[in-house]
Amino acid sequence: MNRTVRAARRLRGTIEPPGDKSISHRAAILNAIALGEAVVENFQTGADCLATVRCLGALGVRIESFTPGALRVQGVGRSGLREAAAVLNAANSGTTLRLLAGLLAAQPFFSVLTGDASLRSRPMGRIVEPLQAMGARIQARAAGTRPPLAIEGGRLRGIRHRLPVASAQVKSALTLAGLYAEGETVLEEPAPSRDHTERMLQAMGAPIVAGEGGLRVSPLTGDLAPLNLRVPGDISAAAFWMAAAAAHPDAELRLTGVGVNPSRSGIIDALRAMGACIAVEQERTWGCEPVADIVVHSSRLRGTVIEGALIPRLIDEIPALAVTACLAEGETVIRDAGELRVKESDRIRATARELRRLGARIQELPDGMVIHGGGGLRGAPCGSHGDHRLAMALAVAGLLAAGETTVRGAQAAVISYPGFWVDLDRAEM
Ligand code: S3P
């Protein structure tokens with residue numbers, strides 16, 4: 001599907017971003033292995049989270065939707081999952097595949113996990129190797145590094161593992177395995193990644209402690225308590241509007257009910273470092289997560305350096321930030337973000353290549369990019385590379401560019417933000 005976006009005269013209004021993708025996956029998976037019923041409101045209905053719901057259904061978990069975005073999960077208890085009769089398809093979703101791999105490695109049955117062409121090209125050695133060290137029997141394509149994964153589940157033992165790169169998917173997969181293992185599992189990361197799994201598991205009564213020496217996971221001795229929750233709005237979805245409003249000369253956008261967990265709010269820090277005018281209002285908590293309304297105004301922007309521990313706090317927002325950086329004065333340098341090369345697309349290459357079509361001056365680095373801002377953008381045809389975040393970042397670029405921008409593969413937005421194109425029409429006034 002092609003979508004044509006014209007330069008926006010003004011950006012005004014209020015947008016309620018969809019439920020957080022990471023939290024929605026976890027709300028479904030963790031409540032599935034709790035004992036009893038949980039109600040999850042504002043569950044994200046993008047294709048990735050629906051893949052998780054489908055896989056859990058195939059494993060014997062009853063999940064029903066009773067009003068739009070509200071799910072009732074009938075938790076089967078820690079030993080209640082059943083062998084699926086067919087291959088489990090995670091589609092485009094790395095979170096589905098990696099978290100379920102950790103969980104299924106500990107179940108007393110056989111599972112096969114696969115995904116679409118993008119997911120089948122993404123690295124899995126990062127979960128396969130530590131799970132094998134815990135005693136898991138897992139085989140995978142390309143010498144154990146790519147899906148499909150065949151898992152002969154069984155007994156595991158705890159390990160101490162230092163993740164080579166900060167990754168919440170890896171940390172969560174090993175945490176799930178650790179809950180079923182014999183002995184303690186200790187996980188250390190080079191920089192903190194998103195901590196939704198830890199927060200939710202603690203609220204459900206799991207024996208896990210997050211501290212200085214890393215995350216310590218002890219074996220479950222009883223069942224997890226079901227957790228009713230309202231999923232906060234996705235800051236990674238809100239980021240597109242934040243990036244657009246900050247860079248547009250006539251903008252004021254209010255984003256309501258957005259999750260502002262410090263492990264995810266790096267986008268606010270990075271945009272503020274560029275001079276963006278951002279107010280965080282009405283701070284409150286929904287269950288175990290902080291939430292706020294975010295108001296962004298037109299701002300005079302300058303380049304900045306985005307690196308180090310900030311990277312995992314905004315890893316999914318870098319395509320949107322790159323667009324904003326094109327409109328900022330001076331140079332923006334993004335480094336320590338080599339992980340972007342193994343996301344749904346090679347996001348360093350794809351972002352640089354597509355924004356160059358719109359006149360951006362971007363130089364690729366092995367682990368990031370240098371964006372020479374100030375030259376403005378001009379509309380042109382460009383493509384999403386089948387990557388949802390790129391499709392939406394290019395739409396934002398289209399709002400900020402002179403003339404008309406046509407985004408090929410625009411339907412990819414449905415992976416994490418099914419209402420994106422509707423919200424775009426609403427913001428563009
Ligand atoms: C996610 C973690 C991040 C992020 C992805 C979702 C999660 O990936 O990029 O979109 O839900 O845990 P990594 O853990 O691979 O960094």
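- Looking at Ser167, its side chain does come within 3.5 Å of a backbone N or O of Val170 through a donor-acceptor pair.
- Within 6.0 Å of atom CD in Glu83, more than 12 heavy atoms from other residues, nucleotides or ligands are found, so the atom counts as buried in its surroundings.
- Shortest non-hydrogen contact noted between Ala401 and Leu358 is CB-CD2, 4.5 Å.
- When atom types are taken as modelled, the side chain of Arg356 and the backbone of Ile362 share a donor-acceptor pair closer than 3.5 angstrom.
- Inspection of the Ser118 and Glu344 side chains reveals no N or O donor paired with an N or O acceptor under 3.5 Å.
- Contact annotation: the side chain of Val291 never approaches that of Thr285 to less than 4.5 Å [non-hydrogen atoms, C-beta and beyond].
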Hey, mind stepping through Val333 and Ile306 against side-chain contact (heavy atoms from CB on, under 4.5 Å) and telling me if it holds? CA-CA 6 Å; Val333 181; Ile306 300 171; over 6 Å; no
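- Atom CH2 of residue Trp286 and atom CD1 of residue Ile23 lie 10.0 Å apart, to the nearest 0.5 angstrom.
- To the nearest 0.5 Å, atom CG of residue Leu355 and atom SG of residue Cys326 are 5.0 Å apart.
- Salt-bridge check for Asp234 with Arg264: passed, with a basic side-chain N closer than 4.0 Å to an acidic carboxylate O.
- Taking CD1 of Ile267 as the start and CZ of Arg313 as the end, the distance is 11.0 Å to the nearest 0.5 Å.
- If you take OG1 on Thr175 and CG on Leu103, they are separated by 12.0 Å, rounding to the nearest 0.5 Å.
- You'll find the side chain of Arg141 reaches within 4.5 Å of the side chain of Pro148, heavy atoms only.
- In this structure, a donor-acceptor pair under 3.5 Å is present between the side chains of Thr52 and His25.
- Nearest heavy-atom pair across Leu88 and Ala58 is CD2-CB, 3.7 Å.
- Here the side chains of His196 and Asn261 are in contact, with some heavy-atom distance below 4.5 Å.
- Within the 3.5 Å criterion, the main-chain N or O of Ala47 finds no donor-acceptor partner in the side chain of Asn92.
- Within the structure, salt bridge (Lys or Arg N to Asp or Glu O under 4.0 Å) pairs that include any residue of residues 85-101 do not occur (at least two apart or interchain).
- Between the side chains of Ser416 and His388, at least one donor-acceptor pair of N or O atoms lies under 3.5 Å.
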For the pair Ser236 and Lys21, evaluate side-chain contact (heavy atoms from CB on, under 4.5 Å) and give the outcome as yes or no after the intermediate values. CA-CA 9 Å; Ser236 299; Lys21 177 162 83 72; over 6 Å; no
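- The residues Glu182 and Arg155 are annotated as salt-bridged, a charged nitrogen and a carboxylate oxygen being separated by less than 4.0 angstrom.
- Among all heavy-atom pairs drawn from Ala106 and Tyr180, the shortest one is CB-CB, 3.4 Å.
- With Arg357 contributing its side chain and Gly383 its backbone, the two residues share no donor-acceptor pair below 3.5 Å.
- No side-chain donor-acceptor contact under 3.5 Å links Ser265 to the backbone of Ile268.
- Residues satisfying the side-chain hydrogen bond (donor to acceptor under 3.5 Å, both in side chains) test with Arg199, not counting sequence neighbours, are Asp195.
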Evaluate side-chain contact (heavy atoms from CB on, under 4.5 Å) for Thr351 paired with Ile318, printing each intermediate quantity in order. CA-CA 9 Å; Thr351 302; Ile318 290 175; over 6 Å; no
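- In plain terms, the two heavy atoms of Ala181 and Gly158 that are nearest each other are CB-N, 3.6 Å.
- Considering only heavy atoms from C-beta on, Val217 stays 4.5 Å or farther from Val186 through its side chain.
- Legend: residues meeting salt bridge (Lys or Arg N to Asp or Glu O under 4.0 Å) with Arg162, ordered by chain and number and at least two apart, are Glu188.
- Counted within 6.0 Å of CD on Glu339, heavy atoms from surrounding residues, nucleotides or ligands total more than 12; the atom is thus considered enclosed.
- Side-chain atoms of Arg272 come within 3.5 Å of backbone N or O of Ile278 as a donor-acceptor pair.
- We find the CD-OG1 distance between Gln169 and Thr95 to be 3.5 Å, quoted to the nearest 0.5 Å.
- In this structure, Arg335 does not pair ionically with Asp367, as no charged nitrogen and carboxylate oxygen lie closer than 4.0 Å.
- Judged by distance alone, with hydrogens and angles left aside, the side-chain atoms of Asp223 form a donor-acceptor pair with the main-chain N or O of Arg78 at under 3.5 Å.
- In this structure, Met242 and Ile294 have side chains that are in contact, with non-hydrogen atoms separated by less than 4.5 Å.
- Of the candidates Leu224, Asn31, Leu229, Met200 forms a side chain to side chain contact (heavy atoms under 4.5 Å, CB included) with just one, namely Leu229.
- Ionic pairing of Glu329 and Arg300 is not present here: no N-O contact between side-chain nitrogen and carboxylate oxygen is shorter than 4.0 angstrom.
- Put simply, the side chain of Ser172 never gets that close to the backbone of Leu99: no donor and acceptor are under 3.5 Å apart.
- For Arg284, the CZ atom counts as densely surrounded, since its 6.0 Å shell holds more than 12 non-hydrogen atoms of other residues, nucleotides or ligands.
- Contact detail for Arg146 and Pro123: the closest heavy-atom pair is NH1-CA, 3.5 Å.
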Check step by step if side-chain contact (heavy atoms from CB on, under 4.5 Å) holds for Met124 and Leu119. CA-CA 10 Å; Met124 295 300 150; Leu119 186 54; 4.0 Å; yes
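- In this structure, Thr406 contributes its side chain and Pro381 its backbone to no donor-acceptor pair below 3.5 Å.
- With rounding to the nearest 0.5 angstrom, the CD1 atom of Ile33 is 7.0 Å from the CG atom of Leu201.
- The closest side-chain heavy-atom distance from Thr114 to Arg120 is below 4.5 Å.
- Between Arg194 and Asp20 there is no salt bridge, since none of the side-chain N atoms of the basic residue sits less than 4.0 Å from a carboxylate O of the acidic one.
- Using a 4.0 Å cut-off between charged nitrogen and carboxylate oxygen, Lys171 and Glu198 count as a salt-bridge pair.
- One finds no salt bridge joining Arg230 and Glu289 here, because no Lys/Arg side-chain nitrogen approaches an Asp/Glu carboxylate oxygen to under 4.0 Å.
- Ring-plane geometry between Trp241 and Phe420 is classed as parallel, the angle between the planes falling under 30 degrees on a 0 to 90 degree scale with a further cut at 60.
- Side chains of Leu35 and Pro226 form no contact here, defined as non-hydrogen atoms less than 4.5 Å apart.
- Ion pair Arg216/Glu184 flagged as a salt bridge, since at least one NZ, NE, NH1 or NH2 atom sits closer than 4.0 Å to an Asp/Glu carboxylate oxygen.
- The environment of CD in Glu152 is crowded: more than 12 heavy-atom neighbours from other residues, nucleotides or ligands sit within 6.0 Å.
- A 4.5 Å side-chain heavy-atom check between Leu104 and Leu113 finds at least one atom pair inside the cut-off.
- By the 4.0 Å N-to-carboxylate-O rule, Lys343 lies too far from Asp387 to be salt-bridged with it.
- Between the Ser384 side chain and the Gly386 main chain, a donor and an acceptor come within less than 3.5 Å of each other.
- For the pair Arg341 and Asp346, the tightest heavy-atom approach, listed with the atom from each and the gap, is NH1-OD2, 3.0 Å.
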